[in-house]
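Data first, discussion second: the structure below is written as structure tokens.
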Amino acid sequence: MENSAEMQRFIEQEQQKAMMSEMVGKLTSVCWDKCITSTPGSKFSSGETTCLTNCAQRFLDMSVIIAKRFEMQ
């Protein structure tokens with residue numbers, strides 16, 4: 001029985017890792033496409049930096065709101 005519980009915990013952890021990886025990939029893709037409008041140089045411009053920061057924050061905020069909604073159901 002304990003092996004089964006350990007296996008279940010392992011599977012849940014791996015699923016969470018996969019979801020986080022997918023979220024980071026989506027965040028990167030969405031924010032990059034939105035904020036980087038020209039060929040990037042060695043540094044981001046201040047506008048690009050601000051856009052990326054705001055985009056990532058909004059993405060994470062919405063992810064939390066969505067997760068809380070699913071918990072309520």
Side-chain angles (χ1 to χ4, degrees):
M1 186 82 166
E2 189 171 318
N3 266 347
S4 179
E6 286 178 29
M7 180 60 81
Q8 184 64 31
R9 275 194 305 273
F10 174 77
I11 290 170
E12 288 172 4
Q13 288 172 346
E14 291 301 307
Q15 287 173 333
Q16 288 175 350
K17 287 179 190 177
M19 285 174 37
M20 283 300 291
S21 180
E22 182 179 347
M23 186 177 5
V24 168
K26 284 181 183 177
L27 182 147
T28 301
S29 177
V30 167
C31 293
W32 183 272
D33 290 346
K34 176 181 170 69
C35 299
I36 310 302
T37 57
S38 61
T39 304
S42 60
K43 289 174 54 175
F44 293 128
S45 70
S46 63
E48 290 170 335
T49 300
T50 300
C51 181
L52 288 167
T53 300
N54 291 337
C55 181
Q57 188 61 53
R58 281 192 305 272
F59 190 93
L60 294 173
D61 289 346
M62 287 307 300
S63 296
V64 168
I65 290 169
I66 291 168
K68 286 182 180 179
R69 290 268 170 107
F70 279 121
E71 286 177 4
M72 289 179 172
Q73 293 180 352

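Every heavy atom of this structure was used, including side-chain atoms; hydrogens, water molecules and symmetry mates were not. Numbers here are sequence positions counted from 1.
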Ser63 side chain vs Phe59 backbone, donor-acceptor pair below 3.5 Å:
yes

Any donor-acceptor pair under 3.5 Å from Ser21 side chain to Lys17 backbone
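Side chain of Ser21 to backbone of Lys17: no pair is present.
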
Can you give me the closest heavy-atom contact between Glu48 and Thr37, atom names plus distance?
OE2-N, 4.4 Å

Rounded to the nearest 0.5 Å, how far does [atom2] of [Y] lie from [atom1] of [X]?
X	Y	atom1	atom2	value
Lys43	Thr49	NZ	OG1	8.5 Å
Leu52	Gln57	CG	CD	13.0 Å
Ser29	Lys34	OG	NZ	13.5 Å
Asp61	Ile66	CG	CD1	11.0 Å

Restricting to side chain to side chain contact (heavy atoms under 4.5 Å, CB included), what partner residues turn up for Ile11, sequence neighbours left out?
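Checked Ile11 against side chain to side chain contact (heavy atoms under 4.5 Å, CB included); matches are Met7, Gln15.
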
Is it the case that Gln8 and Glu12 place a side-chain donor and acceptor less than 3.5 Å from each other?
yes

Would you say the SG of Cys55 sits less than 2.5 Å from the SG of Cys31?
yes

How far apart are the C-alpha atoms of Met23 and Lys26, what are their side-chain angles, what is the distance that settles it, and do they pass the side-chain contact (heavy atoms from CB on, under 4.5 Å) test?
CA-CA 5 Å; Met23 186 177 5; Lys26 284 181 183 177; 5.7 Å; no

